[in-house]
Every structure is written in C-alpha cells, then in structure tokens.
2 protein chains.
Amino acid sequence: MKIDPASTADLSAQIASAIRDAIVSGALIVGDRLPSEAELAEQFAVSRPTVREALKRLAAQSLIRTQRGAFGGAFVNRLSYTDAHAQQITTSTLLLGMNDISFDTACEARFAMERACAQLAALRRSPDHLATMRAEITRQGQPGLTDEAFCASDVAFHRALVDAAGNPVLSYQLAGAVEAMQPLMNMITFSARSRDAIIALHGRIADGAAAQDAGQIITALEELENYTRKLAQSVFDARATRANPT
Amino acid sequence: MKIDPASTADLSAQIASAIRDAIVSGALIVGDRLPSEAELAEQFAVSRPTVREALKRLAAQSLIRTQRGAFGGAFVNRLSYTDAHAQQITTSTLLLGMNDISFDTACEARFAMERACAQLAALRRSPDHLATMRAEITRQGQPGLTDEAFCASDVAFHRALVDAAGNPVLSYQLAGAVEAMQPLMNMITFSARSRDAIIALHGRIADGAAAQDAGQIITALEELENYTRKLAQSVFDARATRANPT
DNA sequence: AGACTTTTAAATGTCTGACAAATGAAAATC
DNA sequence: GATTTTCATTTGTCAGACATTTAAAAGTCT
C-alpha cells in the first residue's frame with residue numbers, strides 16, 4: 001500500500017483510497033486487523049491525525065470498525081445487508097432529493113424494478129410474506145390514519161412483496177429504491193377515495209401472490225403505477241394553479 | 001443541531017450524524033456552507049480534530065465538499081449520479097464478495113433487474129445505444145481477447161442496454177448491480193465455444209432492441225441467464241472434482 | 001478612471017505532543 | 001486454583017502551532 005507523493009489530493013483521502021483498494025481487491029479480508037494508527041502513520045509518513053481522518057472515511061462506508069484498548073484497533077468489517085441497505089437509502093434519498101428528478105422518472109424506475117420480482121415472488125412467497133401484506137392492507141384501511149402513516153404502511157407492503165422474491169440481493173437493491181421514494185410520496189395528500197383505490201390494488205397484488213399468479217401481480221402493479229402518477233400529476237397541477245391562478 | 005452528551009458513541013460519529021440528518025431532512029440544502037471548523041468545534045464543544053473527523057466521514061459519503069482558502073469551507077454537495085454510482089459499486093461489490101452469496105442468487109437478481117428495463121429499452125433505445133451494443137459485440141468476437149477484457153466488454157454491453165431504457169434512476173441502480181457481478185464473472189474461464197454462444201445471445205438482444213421487440217430481448221436475456229448459470233456450475237463442479245478427486 | 005499588482009485575512013491541511021479511557025493479558029495475591 | 005491488581009497497548013480527544021490556499025481588499029501604475 002503506497003500513496004503518490006505527487007498527488008495534490010488530501011493525504012487522508014489518498015490513504016483511505018489505498019486501504020479501500022486493498023479491501024475491495026481482497027488483499028485485506030474480513031476480520032483482518034489493520035496496523036495501529038501509529039504504525040500506519042509511520043508507514044505512510046504522515047501524522048496520526050491524518051491517518052485517523054483516513055480511517056474515519058472508511059468507517060463512514062462501513063468498511064472498517066474500530067475497537068479501543070489493548071489488542072484493539074481497526075478491523076476489516078463484514079458489510080452486512082443492514083449496513084449496505086442503510087447506505088443505499090441515504091444515497092438514493094439524496095440523489096432523488098437533490099437532482100430535480102421528476103416524479104414520473106422515479107416512479108417508473110421503482111415500478112419497473114418491482115415488477116422484476118413479481119415472477120420470483122409468485123413462486124416463492126411464504127405464508128409469512130402473505131400475512132405481512134394482508135396486515136398492511138388492513139392497517140391502510142383504518143380510519144384516522146395520517147398520510148405519513150399511510151405512506152409508511154405502503155412502503156412496508158411493497159417491502160414484503162420484494163422480500164417475497166426470496167433473493168437477498170434483490171431485496172437490498174429494491175428496498176433502497178422503494179424507500180427512497182417515500183419523501184416524494186409524502187408530498188401527496190391521499191383522499192379517502194384514492195386510498196380505497198390503492199388498497200384495492202394492494203388486495204389484488206396480495207391475491208395474485210397467494211394464487212402464485214405473477215401475471216396478476218404485474219397487471220396490478222402497472223395499474224398502481226399509472227394511478228400513482230395520475231394522483232401526483234393532479235397534486236402538481238393543483239399547486240401550479242394555486243401559485244399562478246388565471 | 002445538537003448531540004447527546006450521554007451517548008457513548010464517538011463524538012465525531014455523533015457530529016457527523018447530526019449534520020447528515022440536517023442534510024437529509026433538507027435543513028441544509030445543496031450549496032449551503034457549513035460553519036468553519038473552528039465555529040463547529042465551538043458549537044459542539046469539541047476540538048477541531050474531532051470536527052474534522054466528522055467532516056471527513058461526510059466527505060466519504062459525498063455529502064459535502066471542502067474548499068481551502070478565504071471564503072472556503074465545507075459545502076453541501078449535490079450528489080451526482082457519478083458519485084452515487086461509484087458508491088453503489090463499492091458497496092455492492094463488497095456485499096457480494098464478503099457474504100458468501102451464491103453465484104445463482106447474484107445472477108438471478110441481476111437478470112431480474114435487467115429484464116425490468118427491457119420494455120423501456122425497446123421503446124426508447126437511440127441509435128447511439130444500438131451502436132454501442134454492436135461495437136461491444138464486435139469486440140467480444142475478436143481473437144486473443146483475455147477473459148477479463150471479455151468480461152469488461154460484457155459489462156459495457158449490458159450497461160448500454162440499461163442506459164437505453166432512458167431512465168437515469170434505473171441506470172444508477174442497475175449499473176451497480178451489473179458491475180458488482182464482474183468479479184464473480186471473472187472467475188469463469190470462457191472457452192471459444194461459450195464465447196460464441198454468449199455473443200450470439202448478445203446479437204439477439206441487440207436485434208430485439210433494434211426492432212423494438214421487448215419480448216425478444218427478454219427471451220434472450222432469460223437464455224443468457226440460464227447459460228451463464230450453467231457455465232458457472234460447470235466451473236464449480238470442475239473445481240470440486242480437482243479438489244476432491246474420487 | 002481603469003487595469004494590474006500586492007497585501008492580507010480567513011479557511012482548510014498537517015504536524016507535534018499530550019492526556020484520558022478502554023481493554024485484555026500478565027503478574028500478583030489470596 | 002481463583003480472584004484481584006497491575007500494566008502495556010490502542011483508540012478517543014484535546015490544545016496549539018504552522019503551512020498552504022484562496023479570494024477579497026488595498027495599493028499602484030498608466
């Protein structure tokens with residue numbers, strides 16, 4: 001592991017990059033202990049604070065974990081689904097929030113990916129997944145539910161559908177996409193009638209999963225996508241009219 | 001922005017978390033300048049090195065960028081697709097590399113997502129995308145190509161298919177999944193015959209895109225998935241036999 | 001007055017040295 | 001032999017200093 005003395009970049013960034021490369025390439029494997037901060041400082045010929053900044057960068061990506069005390073140090077971390085998932089949600093949420101991505105684009109991406117697991121979900125859904133879906137549908141029908149709680153339940157419902165596909169890699173990828181949509185969905189005010197429509201579509205999805213009928217799930221998802229986009233459109237139109245009345 | 005004095009977690013982690021929350025929640029928006037390190041140190045009642053460690057954590061996630069000099073400082077960064085993409089590839093690659101995920105699981109997830117954009121790709125593919133796909137197919141047929149170069153071209157081909165869907169959110173999500181598979185794919189040695197089979201399938205995908213026939217793309221992708229899994233299986237079987245000959 | 005140069009203040013980047021706190025191993029004690 | 005104490009190691013945090021970069025502000029010349 002070496003750094004380029006000619007580079008103008010921050011030393012801590014260079015050091016972090018060197019160690020990251022060693023981990024990604026497999027030169028350092030899960031559980032390996034990195035040299036102590038003092039040793040790293042000597043190896044890279046920098047001071048300990050600089051090394052520490054580099055290590056904090058890696059810790060922010062869950063690449064390492066640190067432990068105090070004798071025989072402590074920095075260890076290469078096993079990236080868990082939970083960690084990866086959390087990072088993906090942060091990244092996706094910010095990406096959607098900062099880049100003026102249209103509701104339609106985000107919606108299209110989300111439902112395209114969700115349809116991708118319909119086939120597998122129909123094949124592998126367990127009674128557990130079905131029960132979760134039914135429970136969320138019931139919750140969504142309860143009176144007095146706030147829009148936010150309705151959205152949260154919506155996310156949980158779709159999360160169950162994704163998990164039903166029984167592929168952890170798919171779950172990790174899609175859960176990020178679905179959850180990142182939530183702030184956008186939260187902008188919509190759901191009338192009682194639109195809630196009923198969504199709940200009916202959720203019911204058809206759950207029925208399709210129960211019957212192991214992928215076609216039914218996909219059809220319902222397509223209708224849900226169209227309905228969601230129409231709903232969002234009307235919200236945006238109403239806002240535009242309020243802001244700019246003729 | 002406050003931190004909990006009772007928490008046992010690292011101060012730098014707490015400070016990073018507080019600032020991150022402010023960014024994700026929208027209290028700090030793109031382009032906003034954070035207080036200087038000295039001011040932050042005073043606000044949080046910690047030393048400057050501790051503040052710096054917190055800022056480096058945020059920089060590692062591309063949440064902020066720093067600028068030296070007068071009127072410099074730390075600014076909330078617009079998370080670009082490029083940054084998000086790079087992070088996703090690192091995360092996905094490590095997740096796949098560290099967690100003993102079977103080739104089949106990863107392969108299934110990848111092709112499920114890729115099929116999800118077939119419909120959109122058939123609808124929106126531009127001459128540019130078609131040209132890229134054709135060019136990669138040509139490259140793949142060249143003699144003397146190393147296995148690694150073949151894999152890289154394979155990734156480029158599928159990347160073009162994903163981009164053809166014309167949805168940046170989808171591209172960001174899927175590019176990570178496809179590229180993260182590359183180290184796994186690199187374990188396979190491609191015989192001339194298997195290369196020919198893959199190239200033929202790529203040709204059918206490109207033809208389907210050219211004809212705007214989503215069904216053809218999906219069928220070819222399914223065959224490609226099956227073929228890839230069969231190929232990987234034979235590689236693993238051969239290894240098992242070598243390691244444990246009867 | 002306007003264009004160019006110099007100065008300067010503010011900010012990050014880096015270093016040194018120090019102490020606190022945690023932690024597990026080893027030594028001492030019962 | 002079991003328990004307690006000591007101790008070395010390592011990370012976490014702090015204080016203060018200097019180097020470097022940067023753009024605004026002041027100064028200078030035409």
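Quick note on labels: first sequence line is chain A, next is B, and so on, each numbered from 1. Only this structure's heavy atoms are used, side chains among them; waters, hydrogens and symmetry mates stay out. Note that the structure is a prediction, hence the values are computed from the model and not measured.
Distance, A:Asp10 CG to D:dA19 P: 19 Å, rounded to whole Å. Put simply, CG on A:Leu34 is 10 Å from P on D:dT11, counting in whole angstrom units. Protein atom CD of B:Gln67 is 14 Å distant from nucleotide atom C1' of C:dG13, rounded to whole Å. Rounded to a whole Å, the CD atom of B:Gln14 is 13 Å from the P atom of D:dG12. Atom CG in A:Leu40 sits about 16 Å away from atom P in C:dT14, given to the nearest Å. C:dT16 atom P lies 12 Å from atom CG of A:Leu11, rounded to whole Å. Distance CD (A:Glu42) to C1' (C:dC15): 15 Å, rounded to an integer number of Å.
Phosphate contact (OP1/OP2 of C:dG13, side-chain N/O of A:Ser12, threshold under 4.0 Å): absent. Between A:Thr66 and D:dG12 there is a side-chain polar atom (N or O) within less than 4.0 angstrom of OP1 or OP2. Between A:Thr50 and C:dC15, a side-chain N or O to OP1/OP2 separation shorter than 4.0 Å is present.
One cannot find a donor-acceptor pair under 3.5 Å joining the base of D:dT13 and the side-chain atoms of B:Arg48. Contact of B:Arg68 with D:dT20 (side chain to base): a donor-acceptor pair of N or O atoms is detected under 3.5 Å.
Along DNA chain D, the nucleotide nearest to B:Phe71 and the one nearest to A:Glu37 differ in position, and the one closer to the 5' end is contacted by A:Glu37. Of the two residues contacting DNA chain C, namely A:Glu53 and B:Glu39, the nearest-nucleotide position lying further toward the 5' end is that of B:Glu39. Between B:Ala70 and A:Pro49, the residue anchored closer to the 5' end of DNA chain C is B:Ala70, taking for each the nucleotide with the nearest heavy atom.
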> Does the pair A:Arg57 and A:Ser12 meet the rule for a side-chain hydrogen bond (donor to acceptor under 3.5 Å, both in side chains), with working shown?
Replying inline: CA-CA 8 Å; A:Arg57 294 178 115 111; A:Ser12 68; 2.6 Å; yes

> Taking it one step at a time, do A:Lys56 and A:Glu53 satisfy salt bridge (Lys or Arg N to Asp or Glu O under 4.0 Å)?
Replying inline: CA-CA 5 Å; A:Lys56 293 314 163 200; A:Glu53 286 177 12; over 6 Å; no

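You'll find that the side chain of B:Ser47 is closest to D:dC14, out of D:dC14, D:dT10, C:dT16. For B:Arg52, the listed nucleotide lying nearest its side chain is C:dT12; candidates were C:dT16, C:dG24, C:dT12. When the nucleotides D:dT10, D:dG12, C:dG13 are ranked by their closest atom to the side chain of B:Lys56, C:dG13 comes out on top.
Electrostatic pairing of B:Arg115 and B:Glu225 counts as a salt bridge here, judged by a charged N lying under 4.0 Å from a carboxylate O.
Contact annotation: the side chain of A:Ile3 approaches that of A:Ile15 to within less than 4.5 Å [non-hydrogen atoms, C-beta and beyond].
In this structure, B:Arg65 reaches neither bases nor backbone, as no heavy-atom distance under 4.0 Å exists between it and the strands shown.
Heavy atoms only, all atoms of each residue included: A:Ser62 and A:Gln87 are closest at OG-OE1, 3.4 Å.
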